[in-house]
There are 2 protein chains.
Amino acid sequence: MATIRDLARRCGVSVATVSRVFNNPDAVTRETREAVLRAAALLGYTPSAPARTLATKRSCMVGLAWDTGHRGPGWRHPFLQELLVGLKTALSERGYHLLMLAAGEDADGHLRAVRRHSLDGVVFIDDGTADPALTRLAESGVPCVSLDRPVTGRRATYVTSDNAGGAAAAVRHLHERGRRRIATIAGPGRTHPGAERLAGYRAALAALGLPVREEYVVEGDFYLGGGHAAMRRLLALDERPDAVFAAGDEMAIGAVRAALEAGLDVPGDVAVAGFDDIEPASLVRPALTTVAQDRAGFGAAAAAALISMIDDPDAAAPPPTVLPARLVVRETSGPPRAG
Amino acid sequence: MATIRDLARRCGVSVATVSRVFNNPDAVTRETREAVLRAAALLGYTPSAPARTLATKRSCMVGLAWDTGHRGPGWRHPFLQELLVGLKTALSERGYHLLMLAAGEDADGHLRAVRRHSLDGVVFIDDGTADPALTRLAESGVPCVSLDRPVTGRRATYVTSDNAGGAAAAVRHLHERGRRRIATIAGPGRTHPGAERLAGYRAALAALGLPVREEYVVEGDFYLGGGHAAMRRLLALDERPDAVFAAGDEMAIGAVRAALEAGLDVPGDVAVAGFDDIEPASLVRPALTTVAQDRAGFGAAAAAALISMIDDPDAAAPPPTVLPARLVVRETSGPPRAG
DNA sequence: GATTTATCTGTAACCGGTTACATGAAACCG
DNA sequence: CGGTTTCATGTAACCGGTTACAGATAAATC
C-alpha cells in the first residue's frame, strides 16, 4: 500500500505538498500537482480513511440507526430498499458513506458508536414510536435526521410524508366516488404516521361537512390481522360504513378480505383505500386504491438535511421536510360516480 | 473525548498498560485493570476506531457491495430487509460493522474502498449475474462472500439456497397433486438461481419418469410481465400444460393472472407454483404455493463464512453454504389428489 | 536596489491508538 | 545465596494522514 510518504519521496517533494495536492490543489503549482497525481496513479495510491479521520475528526461516514422500535422484531419498513438506495446515492454523491449501526443494546449505544467512529451524523429509521436512543443523540448535538418521526434538538430534524394530506386526499376521493359513511382503520396513535393520517381523515371529513362518528374510528396495528379484525367490528355496526380508509395497505388488504368473507362486494358494498402503496397493493384483486409516498425522495431528503447540518456546524437544523403523498386510484375505491 | 493518555495519567500508569487492559486484560494485574476500567467508566472513555484501525490494519468493518447488476436499476432483492437484519445481527455479535459501499462506478471502485477503509471483507448482494467488480475483488485476496452467485478465489465463497432442490420439491408436489403436464417458466439463464431452478425442474421430471418437453420450458425475466407473457405462450400450445412451476413468485403471479384472463380456473385447469415466497404470495387470491428460503439464514451464513476467513488469514475459503428451501403449500397448486 | 508582498514548499508536531523491546522486581532453582 | 525465570509495566517508534508555522523564492512596489 503506497502512502503519502512514498509519493513524496518519489516526486522529491514533502508530504505536506502531497497532502495539499489532494485537499487543496490550488495551493500547489500545476507541474508539482500533475507529477504527484501521475505518481499516485502509477502506484495505485489510495488515501487512508482512518488516518484522515484521526487527523481531522471527520469520518465522512454517517451512521444508520435502524431499530425495530416498539412494534417488535416483526416490524418491516414498507420500503427500506428504495430508502437505502436514495440515501446511499445522495450520500455518496457528496463523498459520504453509510455505516450500519448495531441495533439497540442500551440507549447510549448509538452515541458511543458515533464517538468511536467519529461519525459525522446519523439517520434514524424506525417504526415511528418514541425511542430514547434518538432523543439522547439529538440532545447531544450530533447531526440527526429521523424518518417519519418528529425530533427536537439543535441539530436534529426529520423527513416525513404529507401523511395528513394524503389521508385527506384518500377520504376526499372516496367522497367523490359517492361514499358518505366513511370510516377509518387508524394506525397506532403513538406512531407519527398513525396520528397524522387520522388527523387527515378527521380534517377531510370536517372540510366536506361530514360528521366524524367516533364509532367509525377504530385503531389497528398496521398489520393484516389488525385490519381484518377492525373491519369486522366496522361491519358489525348498525349503520355499516360504505367506505373505509385504512391507514396502511396491509390493514387495507385485511379489511378487503374481511369484507369479502362477510359476503360483501368490494367496492360495490364497501369501498376501501389504503396508504403506502406496498408491492402487493397492485397485485391483489381487486387492486388497492392507496396513497403512494415519494420513496426515493425520503433518502435523498434525509441525506440533504444531514449534509447541510454537517457542512455548517453552527447552523440551526433545517426545518422538517414534508414529502408529497400521491393518491393512486385502483379498483377498491369503485368506479367514478358509483354509489 | 477522553483518550488513552488521559486514562494513563489519571491512573498513574503508562499508555501501554491502558491499551493492554482493553486488548489483553490478562496481561495486567487485577488492581491495575480495575482502576483503569473505573477511570474509563468515569470519563466515558470510548476507544477510537480509526486510531485502532490505523495501528492494526484491521477495521472490524465489512463492506456491503450492493449493486443492481445487469437486471437494471429496477431490480429489487426479494428480501433485502431480512437479509440485512441477519447480516447485521451476526456481524455485530462478533464486533463487526457493515459499511455500505457506494454503487458501481468502475470495477475497481470496491477494491479501492476496501483499501481506503481497511475493510476486513466484503459481502456482495446483486442479482446473480456476473459482475466484474466481484471477480476483481475475489482475485485480489480480500475475503468475499457473495449471495446467490458462485465465485472462485482463494478467499471467496458464497451462500445460496438449495434452488435445484426447492424447484424439484415444487415439481414433485405438482406431480403428487395429480398433474402430469408440468411446464416451467424459468428465470434468466445467466443468473445462478435461474439456472439452478431450471436444473431442479429437469431433474425432478427425470426422477418422476416424465419426459422434458422443450416447448414446456420458456424463459421469463423474474418479473410480473415476463411471467404473464410466458404463460400466454404456454397456454397457446396444442397440448396445454396442467401445471406450471415458475422460478419466481412475481412470474408466478403474472402466470396466474394470465390464466384467469384466459378464462381458466386456477388451480382447477392449471396449477401454479412459484419460488421465493415474497410478501404478496400469501396475499393474492388464490394464494400462491411457493418455495420459501431461509431469509435470516442468508445473512447469518454470510457473516459466519466471512468471519471464518477473517479470523484465519491463511485458511482456504469455506465451501459454499447451501441453505434449505422449503415448500409452502397454499392454494394455487390445488387440493390433494385433485386432477 | 531595497523593501514589501505573494506564492509555493518544507519541517515537525499531532491525531489516538498498538506493540516490540527493555527494565525491574519478585519468584524459583539447585 | 547467586543466577535464571517469570511477570507486570514502561519507553518509544510507528500507523498514515493534516496543518500551523517558518523559510525560500519570485514578483510587486517605491
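Every chain is numbered from 1, with letters handed out A, B, ... down the list of sequences. Bear in mind that the values here come from a model prediction, so they are computed numbers and not experimental data.
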Discussion item. I want to confirm an ordering. Mapping B/V13 and B/A55 to their closest nucleotides on DNA chain D, which one lands closer to the 5' end?
Written reply: B/V13
Worksheet item: Side chains of A/M1 and A/Y45: does their closest heavy-atom pair fall under 4.5 Å?
Response: no
Worksheet item: Using a cut-off of less than 4.0 Å, is there contact between a side-chain N or O of B/T32 and OP1 or OP2 of D/dA8?
Response: no
Practice prompt. Quick one: label A/V18 by what it contacts on the DNA or RNA (base, sugar-phosphate, nothing), any heavy atom closer than 4.0 Å.
Written response: nothing
Worksheet item: Centres of the A/Y158 and A/F124 rings: under 6.0 Å?
Response: no
Fill in: Stepwise side chain to side chain donor-acceptor pair (under 3.5 Å) test for A/S19 and A/N23
CA-CA 6 Å; A/S19 178; A/N23 299 306; 3.2 Å; yes
Discussion item. Could you tell me the boundaries of the chain A footprint on DNA chain C, defined by atoms under 4.0 Å from its heavy atoms?
Written reply: C/dC8 to C/dG16
Discussion item. Expressed as a whole number of angstroms, how long is the span from B/R20:CZ to D/dT11:P?
Written reply: 11 Å
Worksheet entry | Sugar-phosphate only, base, or nothing, as touched by B/T56 at under 4.0 Å among non-hydrogen atoms | sugar-phosphate
Worksheet item: A/T46 near the nucleic acid: base, sugar-phosphate alone, or nothing, with a heavy-atom cut-off under 4.0 Å?
Response: sugar-phosphate
Item to complete: Name the orientation class of the two ring planes belonging to B/H97 and A/H117 (parallel below 30°, tilted from 30 to 60°, perpendicular beyond 60°).
Response: perpendicular
Discussion item. Categorize A/S48 for me: base, sugar-phosphate, or nothing, with a 4.0 angstrom heavy-atom threshold over every strand shown.
Written reply: sugar-phosphate
Worksheet item: Do A/D312 and A/D314 come within less than 4.5 Å of each other through their side chains, counting heavy atoms only?
Response: yes
Item to complete: Assign A/P47 to base, sugar-phosphate, or nothing according to its heavy-atom contacts below 4.0 angstrom with the strands shown.
Response: sugar-phosphate
Discussion item. At 4.0 Å (heavy atoms only), tell me whether B/F22 reaches a base, stays on the sugar-phosphate, or touches nothing.
Written reply: nothing
Discussion item. I'd like to know whether B/L64 forms a side-chain contact (heavy atoms from CB on, under 4.5 Å) with B/V122, so could you lay out the CA-CA distance, the side-chain angles of the two residues, the decisive distance to 0.1 Å, and finally the verdict.
Written reply: CA-CA 6 Å; B/L64 178 70; B/V122 4; over 6 Å; no
